[in-house]
Structures are given as C-alpha cells and as structure tokens.
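Everything below concerns the one structure shown next.
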Amino acid sequence: NGGTNAATGGSGGVFTYDFPHAGAPGGGANGIVTGFGGGGISLSVMDTLQLDGQISANGLNITNSNAGAGSGGGVSIGARTIFGTGIISANGGAASGLGGGGGGGAIAFFADTNLFSGSLSAFGGGGFNFGGAGTIYLSRFTQSKFNAQVLIDNGGNRGAKTPLQFQTDVADLTITGGATATNGVILSATLRNLTVGSNSVLQFGPSLASPILSTLNVTSNVTIAAGGAISSDGVNASSSSSQGQTLNSTGGGGAGAGTGGASALGALGGTPANDSITSPISSGGRGGIGTVVVNGSGGFGGGPLKLIVGGTLRVDGKFSSDGIIGTNLNGGGGGGGSLSLSTKVFSGTGVISANGGPGNAAGGGGGGGHIAVTYSTNLFTGSLTARGGGGANFGGAGTIFLTGNPALAGPVTSQLILDNGGVPAGSTPITSLPQGDLSLTVTGGATLINSTVTSQIRNLFIGSNSTWFVSSVSPFTLTVQTN
C-alpha cells in the first residue's frame with residue numbers, strides 16, 4: 001500500500017486542515033525498501049513572502065518492484081502578503097509494478113493579501129492504484145480564521161479516498177480532479193459553498209449501525225458538475241424491519257418507500273418503514289443474505305441525507321441514495337434511501353435518484369426510496385427516479401415529492417409521483433397523502449396501496465400497468481378537483 005497522510009494511499013492520519021503533519025512511508029514488499037514520506041515544513045513571514053521557486057514536501061517515488069510509495073508531507077506557509085509564480089506541493093510519491101501510490105499530503109496557506117499566481121498541489125501518486133487526494137487549506141494570516149476554503153484535488157486521477165472533516169472555520173469546500181472525499185458519520189455541518197467537480201465524489205461511508213440522518217446546511221450554492229456525484233449509496237448495513245428475508249439460501253430485497261422484491265425461492269422482501277413523504281429520514285433496508293459466504297452480505301440500503309441550500313442547488317451530475325447489489329450469490333438488493341432537499345433555485349440537467357439495488361442472481365430487488373424537493377424556483381430538467389431494483393422479482397416503486405416553498409406568497413402546488421420504470425412489481429404503501437394542492441401520478445408499473453377513507457387531490461393520473469389499490473374496509477371517497 002502507499003503511505004497515508006491527509007488521504008489514504010493507493011490501497012489517514014488524524015489531522016486538521018490548518019495543522020498539517022509529516023507523511024508516512026509506503027508499505028514494503030518482500031523486505032524491499034519502501035518510498036519515504038514527505039516531511040513537515042512550517043514557514044511564517046511577518047510581512048511579505050515572494051515565492052517564485054518551490055517549496056515541497058513530496059513523498060518519494062519508489063522504483064523497487066511492487067513496493068508502496070511514500071505519502072505527501074505537510075506544508076504550512078503564512079505571511080501578510082504572498083505573491084509569486086512558484087510551486088507549493090505535498091504530492092504522494094509514485095510506485096511501480098503492483099505497488100500503490102502515496103496519498104497526497106496537506107498544505108495550509110495563510111495570507112491576508114493573496115497575490116500568489118503559482119500552483120498548489122497535494123495529489124495522490126501514481127501506481128497500480130493512485131493514492132487519494134490531499135488537502136489544501138486557504139485562510140487569513142493575522143486575523144482570526146473564518147471563511148476558510150478547502151480544496152481536495154487529485155489532478156484528474158481517480159484514486160483512494162480522502163477522509164473528510166467539517167471544521168467550523170471552513171466556508172467553501174471544493175472536491176475536484178478525480179478526488180473522492182468521504183465521511184462515515186456527519187450529524188450536521190454548515191458550509192457557504194459546496195462544489196463537486198467532474199469525475200469527483202462526496203461520499204458517505206457504510207455504517208454497521210443504523211445510519212443517523214446527515215444534514216448539510218449550505219448558505220449559498222451547491223454545484224455538482226457533470227460527471228460529479230454526491231452519494232449516500234449503500235450506507236445502511238444494519239438489521240431492521242425493512243431488511244429482506246433470507247430463505248433457502250436466497251434473499252429478498254430490502255425495502256425503501258416501496259416493498260422489497262421476493263427471491264426466486266420465496267424469501268420475502270422487506271416492509272417499508274412508516275416515514276414522511278414530505279420530509280423523509282429513513283434508510284433503505286438491507287437485502288437478505290442469500291448463499292452464505294465469509295464476509296458476504298445482501299445489498300446495503302441507501303442512507304438518509306438532508307440538504308438545505310440558501311441559494312442555488314445545481315445538479316448536472318448525480319445526487320443519489322441508491323441501494324446496492326449484494327456480494328453474496330442470490331442475495332437481495334438494498335432498498336433505496338431518503339433524499340430531502342430544500343433550495344431557493346433548483347436547476348441542472350443531471351440525475352437525482354433513490355433507486356433500489358438489484359438482486360444478485362435469484363435474489364429480489366430492493367424497493368425504491370424517498371425523494372422530497374422543496375424549492376422557490378424549479379428550473380431542473382434532469383431526471384428524478386425512485387424505482388425498485390431488478391432481480392427475481394423487482395422491488396416496488398418509491399416516492400418523489402415536489403413542492404413550492406410554503407413561505408412564499410400565493411398558492412403552493414405539489415406533485416407526488418410513483419413510477420417503477422415500466423415494471424409492474426411490488427407495492428408502495430402510503431398511510432395518508434400529503435395535504436394541500438396535490439397532483440398524484442401513479443405510473444410505470446407502480447402500485448399505490450392506501451388505507452385512508454377520504455382523499456382530496458387536484459389532479460390524478462394512473463398510467464398503463466399501474467394501480468391505486470384502496471385497502472380500507474370502509475367506503476372510500478375520492479375528490480378530484482380538476483382532472
């Protein structure tokens with residue numbers, strides 16, 4: 001393996017962005033000497049720093065066959081004014097053969113007046129697998145730290161992951177250049193701007209405990225570029241009532257908002273949690289285990305993620321909380337998770353999804369999850385999907401809820417969409433429909449099961465191969481105001 005610092009090697013240490021430390025050496029191979037990690041440099045200038053040369057704490061490249069390269073070290077530079085056209089780097093070293101590249105290091109750059117036009121880099125090194133991106137922290141020098149910026153950039157190469165922290169002084173976070181930034185558990189964090197570039201990912205890691213709702217508050221704008229992603233896919237590895245059954249060495253699909261699909265040999269899919277359609281917080285259920293192997297499992301469910309944006313949410317890439325396929329033969333797919341999004345302007349041409357994961361071979365598909373979007377202005381022209389996953393039997397459709405901001409003057413219109421992508425399968429139980437001026441669409445093979453005795457909606461559309469099944473034993477009254 002490559003060495004680690006701010007990022008993992010090509011397979012980090014505990015750190016804060018503003019106090020970087022020295023890098024680690026790479027892993028050995030058959031007693032061969034490994035690449036050394038970069039050291040630590042701290043330079044504080046009370047007036048002006050002119051940098052036209054180079055300041056570096058790079059991990060060393062390693063030419064010995066199959067050994068891991070060293071990670072980038074730590075560089076801390078501060079001055080009232082910094083200018084020049086030079087280079088500041090804490091890159092991971094490159095490996096050869098089967099060795100992993102070193103993880104990128106950490107750079108902390110403090111200036112009250114920043115006129116520096118050179119380059120700053122903390123890239124992961126090359127190898128059989130690239131090391132993960134390091135971190136670059138930009139802030140003030142003599143004044144108290146606030147509105148700092150953090151850049152996680154891997155120079156265009158997809159590599160190992162970069163453990164992500166949300167410090168209170170960090171305002172702007174940019175993940176780009178092939179970087180994958182990950183954090184296992186985030187209860188609540190606040191940023192000013194969040195940007196995820198092409199080929200880059202902000203990822204929430206798996207949890208063996210039931211995942212707690214992660215809430216990101218972004219006071220200005222969130223941008224996901226084409227090819228970039230924010231992902232809460234496959235987060236839920238815990239057991240719950242939404243988990244698919246295991247029977248006859250096959251697994252049913254985990255539930256989301258829709259039921260999980262049954263396996264080919266009768267393992268039932270999971271039962272959906274009783275969650276809010278308008279503000280969902282539930283995880284997708286784990287798929288049934290299937291054929292038991294060491295360290296294998298059914299598919300994990302998508303996690304719960306809440307994003308509150310004060311300005312514009314632009315999604316040209318992907319924003320997802322999908323269930324995933326299981327590693328076990330005949331395991332069930334994970335259920336889709338929950339995405340609760342609130343923004344002033346909703347725009348972009350990308351994909352927002354909470355789909356169920358596919359079953360493995362004879363396993364059942366996971367149920368589709370929950371998506372809820374509240375906006376003041378809707379300019380989004382991409383796709384929103386919460387479909388059941390494929391398998392021996394598909395999972396049921398999830399729910400997609402779209403509504404205007406109730407704080408605005410004038411009537412608020414809402415849409416509730418159940419769409420299973422054209423496959424009649426599973427069901428979506430809904431205890432009660434959202435109140436207000438609601439248009440309901442049941443299409444693409446979806447089956448809505450509802451037990452309330454009265455419902456009032458503005459518009460109703462039921463598509464081909466799709467069903468609204470009323471399970472109440474009492475007389476049912478439906479009022480449709482328009483069409």
Side-chain donor-acceptor pair present, Ser276, Thr278, cut-off under 3.5 Å: yes
side-chain contact (heavy atoms from CB on, under 4.5 Å) between Leu384 and Ser353, worked out: CA-CA 6 Å; Leu384 297 102; Ser353 65; over 6 Å; no
Side-chain heavy atoms of Tyr375 within contact of Leu341, under 4.5 Å: no
Rounded distance [0.5 Å steps], CZ in Phe346 versus OG1 in Thr312: 11.5 Å
4.5 Å side-chain heavy-atom contact, Ser239 and Arg286: yes
Donor-acceptor pair, side chain of Asp275 and main chain of Ile281, under 3.5 angstrom: yes
CG-OG distance between Asn58 and Ser71, expressed to the nearest 0.5 angstrom: 10.5 Å
Ala57 versus Gly39, closest heavy-atom pair with distance: CB-O, 3.3 Å
Donor-acceptor pair, side chain of Ser282 and main chain of Ala273, under 3.5 angstrom: no
Any donor-acceptor pair under 3.5 Å from Asn221 side chain to Asn193 backbone: no
Minimum-distance pair of heavy atoms, taken over all atoms of Leu202 and Leu216: CD2-CD1, 4.4 Å
Thr377 OG1 to Leu379 CG distance, which is reported to the nearest 0.5 Å: 6.0 Å
Pair Tyr137 and Phe110, ring centroids less than 6.0 Å apart: yes
Short side-chain donor-acceptor distance under 3.5 Å, Thr374 and Asn405: no
Note, Ser320 side chain near Ile352 side chain (heavy atom, < 4.5 Å): no
Ring centre gap for Phe116 and Phe83 strictly below 6.0 Å: no
Verdict with supporting geometry, Val170 and Gln149, side-chain contact (heavy atoms from CB on, under 4.5 Å): CA-CA 6 Å; Val170 175; Gln149 303 172 58; over 6 Å; no
Spatial distance of atom CG (Leu402) from atom CD1 (Ile371) [nearest 0.5 Å]: 8.5 Å
Ionic contact status for Asp437 with Arg458, cut-off 4.0 Å: yes
Residues Thr182, Thr162; criterion side-chain contact (heavy atoms from CB on, under 4.5 Å); working and verdict: CA-CA 6 Å; Thr182 183; Thr162 304; over 6 Å; no
Pair Thr403-Thr413, side-chain contact (heavy atoms from CB on, under 4.5 Å): steps then yes or no: CA-CA 6 Å; Thr403 188; Thr413 59; over 6 Å; no
Atom pair OG/CD1 of Ser340 and Ile308 - distance to nearest 0.5 Å: 7.5 Å
Heavy-atom closest pair, residues Asp419 and Ala446: N-CB, 4.2 Å
Check: Ser200 side chain, Gly177 main-chain N or O, donor-acceptor pair, under 3.5 Å: yes
Under 3.5 Å: donor-acceptor pair, side chain of Asn91, backbone of Gly124: no
Distance-only donor-acceptor check, side chains Asn355 and Thr385, under 3.5 Å: yes
Polar side chain donor-acceptor pair, Thr85 to Asp52, under 3.5 angstrom: yes
Distance (rounded to the nearest 0.5 Å) between Gln415 CD and Leu440 CG: 10.5 Å
Non-hydrogen side-chain atoms of Thr349 and Val315 separated by less than 4.5 Å: no
Contact check, side chains of Leu305 and Ile230, non-hydrogen atoms, under 4.5 Å: yes
Electrostatic pair Arg80:Asp47 at N-O distance under 4.0 angstrom: no
Backbone N/O of Ala255 and side chain of Thr271: donor-acceptor pair under 3.5 Å: no
Nearest heavy atoms of Ala257 and Gly369, plus distance in Å: CB-O, 3.5 Å
For the student: nearest non-hydrogen atoms of Asn236 and Gly284, plus distance: ND2-O, 2.8 Å
Minimum heavy-atom distance between Val201 and Ser231, given as atom pair plus value: CG1-CB, 4.5 Å
Validation row: Ile88, Ile77 side chains within 4.5 angstrom (heavy atoms): yes
Any side-chain heavy-atom pair of Leu339 and Phe319 under 4.5 Å: yes
4.5 Å side-chain heavy-atom contact, Thr174 and Ile152: no
Sidechain-backbone polar pair: Thr428 side chain, Ala397 backbone, donor-acceptor under 3.5 Å: yes
